[in-house]
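So you know, we letter chains A, B, ... as the sequences are listed, proteins then strands, and number each from 1. Heavy-atom basis, side chains included; hydrogens, waters and symmetry copies ignored. From a predicted model like this one, the values you see are computed outputs, not experimental measurements.
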Protein chains: 2
Amino acid sequence: MTNNTKDNGVPTLADVANYANVSTATVSRCLNSPERVGGNTRKRVMKAVRDLGYAPNFGAQALAARQTNTVAAVIPTMENAVFARGLQAFQEELGRHGKTLLVASSAYNAELEEQQVRALVARGADGILLIGYDRTPEIYEFLAKQKVPTLIAWSFNPEEPRPAVGFNNRAAMADLARQVIGQGHENIACISAPTASNDRARERVEGIRDAKAKAGQDPKNLTVIETPYGIETGETAFRQVMTNAPQTTAIMCVNDVLAVGALRAAREMGMKVPNDISVTGFDDIEIATLAEPPLTTVHVPHREMGRCAADMLIQILKGDLIGHNLELATEIRIRQSLGPAPH
Amino acid sequence: MTNNTKDNGVPTLADVANYANVSTATVSRCLNSPERVGGNTRKRVMKAVRDLGYAPNFGAQALAARQTNTVAAVIPTMENAVFARGLQAFQEELGRHGKTLLVASSAYNAELEEQQVRALVARGADGILLIGYDRTPEIYEFLAKQKVPTLIAWSFNPEEPRPAVGFNNRAAMADLARQVIGQGHENIACISAPTASNDRARERVEGIRDAKAKAGQDPKNLTVIETPYGIETGETAFRQVMTNAPQTTAIMCVNDVLAVGALRAAREMGMKVPNDISVTGFDDIEIATLAEPPLTTVHVPHREMGRCAADMLIQILKGDLIGHNLELATEIRIRQSLGPAPH
DNA sequence: TTAAAAAATGTAAGCGCTTACATTCAGCTC
DNA sequence: GAGCTGAATGTAAGCGCTTACATTTTTTAA
């Protein structure tokens with residue numbers, strides 16, 4: 001009984017086969033389709049696997065099987081709790097299906113995103129998850145050429161042909177704006193993330209305009225400040241709003257983090273929320289309930305979205321469900337940061 | 001001139017070689033160490049690569065080169081901002097060095113962690129980042145057997161031989177406890193995460209005992225409630241403390257999230273912080289400053305830790321820096337949640 | 001001019017796994 | 001008990017790339 005091991009390290013399939021006295025094919029079958037192997041043999045092989053501490057070589061497996069069982073995700077940043085949550089659920093669900101997650105972040109930068117997408121595809125990702133629709137056609141072309149199934153998350157637009165799982169950012173924000181307007185606010189301002197390559201932010205801002213128009217207000221008459229993500233930037237933006245448009249009585253922010261910044265700036269400026277000014281957020285992450293006062297915001301089912309994204313991507317990889325879209329529902333969460341307009 | 005292509009799709013190295021009239025070796029060299037190839041040949045090959053739209057096959061590359069340029073991390077959960085931050089920095093730094101990140105989470109569950117480690121190693125991780133020292137010897141043995149370089153983060157213990165980048169959880173918590181004791185507190189309670197397989201939590205609790213002993217208090221006389229991670233669980237734990245040990249005047253939590261829960265419970269019970277009771281946290285994440293009142297806590301340089309972890313792991317992969325440890329400094333952040341003991 | 005050294009390129013042997021196809025061997029049927 | 005069937009297992013051919021080593025070509029030096 002000869003031994004294939006070069007005795008120099010990690011056990012290979014051949015070592016296991018040898019140890020268990022079977023062929024490599026049998027070991028491979030044991031691992032990949034156990035039902036095709038006899039009970040005794042299977043036990044013997046599994047013991048060998050354990051005894052030797054065998055783990056399949058990824059490269060070899062990928063090469064021979066022509067797939068990596070690896071799925072990639074490019075998100076703006078994990079430091080945004082919204083994506084951390086979604087990604088967590090995404091990974092859990094992938095894990096449940098035997099897939100692993102490759103991650104990279106774009107820092108809300110389109111160019112960086114493109115780089116990351118290329119890198120991840122080069123790393124053999126079988127499929128990829130991207131946030132929002134906005135990106136250069138080059139990336140989409142590259143992905144198509146490489147035949148890498150792609151799923152969009154966090155955005156949902158029935159008119160877009162790409163598979164997506166998300167929610168209607170525009171309608172959700174419009175709903176919230178309706179509430180704000182319902183409280184008598186006419187001078188609304190918006191603190192937004194840069195909208196240039198971020199359809200989510202853009203749609204949310206448009207949602208406010210929609211609601212204004214519907215309520216007979218001039219949709220053009222909306223102060224919008226764009227600023228990067230962060231509590232501090234939210235503070236600065238708030239001050240800017242109060243300087244540029246002191247008549248403002250409600251500030252709608254496109255996410256909770258900016259809103260918390262606004263809240264903080266308001267306090268520092270001695271303004272009472274919601275008596276002097278109302279503030280709203282978007283996402284409903286933990287800090288929304290922790291803030292003083294608690295934030296009125298739009299609740300987004302991030303975890304569910306992550307889970308669904310994983311399921312959909314897996315379906316797509318299997319070849320089913322091509323071009324399917326899934327819209328999730330959001331929900332307005334009214335809390336103390338929204339009050340009637342002062343007069 | 002024969003052609004190797006099976007004409008069924010993606011071009012291979014052989015196709016490029018063929019097209020450019022050189023050997024596969026030359027093409028490979030062109031791509032991996034261009035300086036070893038003549039100028040003319042190089043140009044011809046690069047043109048072929050472009051003309052054919054060639055991209056290397058990941059599996060084959062990994063198999064032949066015996067490395068994937070992929071690094072894995074298993075963290076408890078990305079929903080904990082602490083790990084999200086660290087991981088983000090970790091990924092950024094890896095990216096800067098051309099490595100990609102494979103992620104999985106253990107949900108603070110040792111068994112799950114073991115599974116994930118195996119899965120990631122099977123996915124070809126060249127190295128792996130793990131949180132804390134505590135885990136079964138099996139995992140360490142497996143990792144050793146598979147020769148996968150491993151780095152521990154978030155813990156630092158000079159007596160442990162494994163490469164690690166972290167901070168002294170025990171000393172940091174002892175420092176904070178000293179501050180608490182300095183405020184006259186004698187009846188301290190601790191809300192901890194389960195310590196069974198979490199050396200970070202265990203060490204932090206011990207840190208409190210150390211400080212008590214040093215201050216002449218009985219280290220045994222410390223109410224400790226263990227509870228899973230979460231704001232709600234922190235609330236429940238707080239109530240439990242006040243039931244079991246109503247004489248308590250300071251509650252030290254092993255992380256900020258539990259502390260925020262405690263704060264909330266205190267408010268619900270009509271207790272003033274810090275007048276009636278003091279509360280402290282650990283980590284100094286965003287919610288620490290957002291809480292009402294802001295939390296006294298231990299600031300941990302999560303991002304720096306993530307960045308350093310990436311650097312160290314890369315060094316280790318290169319073969320340098322075997323068995324090195326790196327200790328980072330923490331810092332006490334005194335805020336309003338800590339006050340003098342009531343009398 | 002020519003031998004030796006250096007540079008450029010080619011040859012081909014793997015890397016460890018999957019899988020189509022071949023073989024073996026019970027358990028049946030007649 | 002011959003012949004057949006199907007389950008269990010084995011054999012071996014790749015998968016596409018890297019790289020040690022061999023070979024050819026160019027440069028250098030005497």
Side-chain angles (χ1 to χ4, degrees), chain A residues 1-45 48-49 52-69 122-124, chain B residues 1-45 48-49 52-69 121-124 126 146-147:
Chain A
M1 195 207 298
T2 52
N3 189 325
N4 285 336
T5 318
K6 263 105 357 50
D7 203 58
N8 70 336
V10 281
T12 70
L13 237 215
D15 295 329
V16 176
N18 205 74
Y19 186 97
N21 241 298
V22 295
S23 72
T24 59
T26 299
V27 178
S28 176
R29 281 191 286 257
C30 249
L31 264 22
N32 301 316
S33 40
E35 73 284 357
R36 296 183 48 207
V37 174
N40 279 334
T41 313
R42 185 158 65 221
K43 263 179 216 151
R44 198 145 34 87
V45 171
V49 166
L52 265 38
Y54 169 79
N57 175 290
F58 176 68
Q61 199 166 313
L63 178 57
R66 288 118 181 291
Q67 64 157 337
T68 59
N69 284 317
R123 285 290 180 280
Chain B
M1 194 209 297
T2 53
N3 189 324
N4 284 333
T5 316
K6 259 102 10 42
D7 201 59
N8 68 339
V10 280
T12 69
L13 237 215
D15 295 328
V16 177
N18 205 75
Y19 185 98
N21 242 299
V22 296
S23 72
T24 61
T26 299
V27 178
S28 177
R29 279 190 288 256
C30 248
L31 265 20
N32 302 314
S33 41
E35 74 283 357
R36 296 184 49 205
V37 175
N40 280 335
T41 313
R42 185 159 64 220
K43 263 178 217 153
R44 195 147 35 87
V45 171
V49 166
L52 265 38
Y54 169 79
N57 174 291
F58 179 66
Q61 200 166 315
L63 178 56
R66 286 115 181 292
Q67 61 157 332
T68 58
N69 284 319
V121 168
R123 284 296 175 270
D126 288 337
Q146 296 282 330
K147 305 206 171 140

> Hey, could you give me the CD/OG distance between Gln61(B) and Ser28(B), rounded to the nearest 0.5 Å?
8.0 Å

> Let's see if you can work this out: which of dG10(C), dT18(C), dT18(D) has an atom nearest to the side-chain heavy atoms of Ala25(B)?
dG10(C)

> Let me know the distance between CG of Leu13(A) and P of dC15(C), rounded to the nearest Å.
14 Å

> Under 4.0 Å between a side-chain N/O of Ser28(B) and OP1 or OP2 of dT18(D), yes or no?
yes

> Report the C-alpha separation of Asn57(B) and Arg66(A) in whole Å, then their side-chain angles, then the decisive distance to 0.1 Å, and conclude whether the side chain to side chain contact (heavy atoms under 4.5 Å, CB included) test is met.
CA-CA 9 Å; Asn57(B) 174 291; Arg66(A) 288 118 181 291; over 6 Å; no

> Measure CG/Leu63(A) against P/dC17(C) and give the value in whole Å, please.
12 Å

> Run Thr12(B) and Asp15(B) through side chain to side chain contact (heavy atoms under 4.5 Å, CB included) and show every step you take.
CA-CA 5 Å; Thr12(B) 69; Asp15(B) 295 328; 3.5 Å; yes

> Rounded off to whole Å, could you give me the CG-to-P distance for the Leu52(B) and dG16(D) pair?
14 Å

> Counting the atoms with a prime plus P, OP1 and OP2 as sugar-phosphate, which does Tyr54(A) contact under 4.0 Å by heavy atoms, base, sugar-phosphate, or nothing?
sugar-phosphate

> Once rounded to the nearest 0.5 Å, what's the spacing between atom CG of Leu13(A) and atom CG of Leu52(A)?
11.0 Å

> I'd like a table of atom pairs between the protein and nucleotides 4-9 of chain C - only N or O on both sides, under 3.5 Å - with the distance next to each one.
residue : atom : partner  : partner atom : Å
dT9(C)  : OP1  : Thr41(B) : OG1          : 2.2
dT9(C)  : OP2  : Gly38(B) : N            : 2.7
dT9(C)  : OP2  : Thr41(B) : OG1          : 3.3

> Could you tell me the separation between the CG atom of Asp15(A) and the P atom of dG16(C), rounded to a whole number of Å?
9 Å

> Given dT11(D), dA12(C), dG16(D), identify the nucleotide with an atom nearest to the side chain of Asn57(B).
dG16(D)

> Measure across Pro11(A) and Tyr54(A) and return the closest heavy-atom pair with its distance rounded to 0.1 Å.
O-CD1, 3.5 Å

> Rounded to the nearest angstrom, tell me the gap between atom CG in Asn18(B) and atom C1' in dG10(C).
14 Å

> To the nearest 10 degrees, how far apart in direction are the end axes of the helix from dT1(C)-dA30(D) to dC30(C)-dG1(D), each fit to five base pairs?
40°

> Can you check the Leu31(A) CG to dT19(C) P distance for me, whole Å?
13 Å

> Donor-acceptor check, side chain of Gln146(B) to backbone of Ala122(B), threshold 3.5 angstrom: yes or no?
no

> Can you see which heavy atom on Gly59(B) is nearest to which on Ala62(A), and at what distance?
CA-CB, 3.9 Å

> Just the rounded figure in Å: distance from C1' of dG16(D) to CG of Asn32(B).
13 Å

> Passes side chain to side chain contact (heavy atoms under 4.5 Å, CB included), Val37(B) versus Val45(B)? Steps please.
CA-CA 10 Å; Val37(B) 175; Val45(B) 171; 5.8 Å; no

> Looking only at the side chain of Gln61(A) (C-beta and beyond, no hydrogens), which of the listed nucleotides dC17(C), dT18(D), dT11(C) gets closest?
dC17(C)

> Might you work through the side chain to side chain contact (heavy atoms under 4.5 Å, CB included) test for Arg123(A) and Asn69(B), ending with a clear yes or no?
CA-CA 8 Å; Arg123(A) 285 290 180 280; Asn69(B) 284 319; 3.4 Å; yes

